[in-house]
Amino acid sequence: MSILQTVLLYVGVPLAIYLVIALLSARKGLTRKTRYRPGEQWNYPPVWWTANPTGAALPETAEHVQVGTERGGAHGDW
């Protein structure tokens with residue numbers, strides 16, 4: 001085996017593998033849609049869940065749970 005073949009085997013092959021992995025990982029970032037930035041208009045479809053039901057114009061739930069009336073926890077005394 002010559003010096004050139006040895007260098008290609010031990011340097012070229014790992015370098016080619018690293019380049020393929022780098023291109024595959026960068027491919028997703030290059031084709032991604034632009035991100036939402038605060039202050040921009042929201043151009044995406046609505047989602048089914050919201051942390052603010054009053055802002056989503058959803059009907060209020062009829063069930064109200066009083067705090068401190070239920071028991072539970074790690075012991076399971078429900």
- Can you name the residues that form a side chain to side chain contact (heavy atoms under 4.5 Å, CB included) with V7, not counting sequence neighbours? I3, V11
- Task: Considering only Ile, Leu, Val, Met, Phe, Trp and Tyr, and joining two whenever side-chain heavy atoms are under 4.5 Å apart, list the other residues clustered with L4.
- Result: L8
- Task: Using side chain to side chain contact (heavy atoms under 4.5 Å, CB included) as the criterion, list what pairs up with I17, not counting sequence neighbours.
- Result: V13, I21
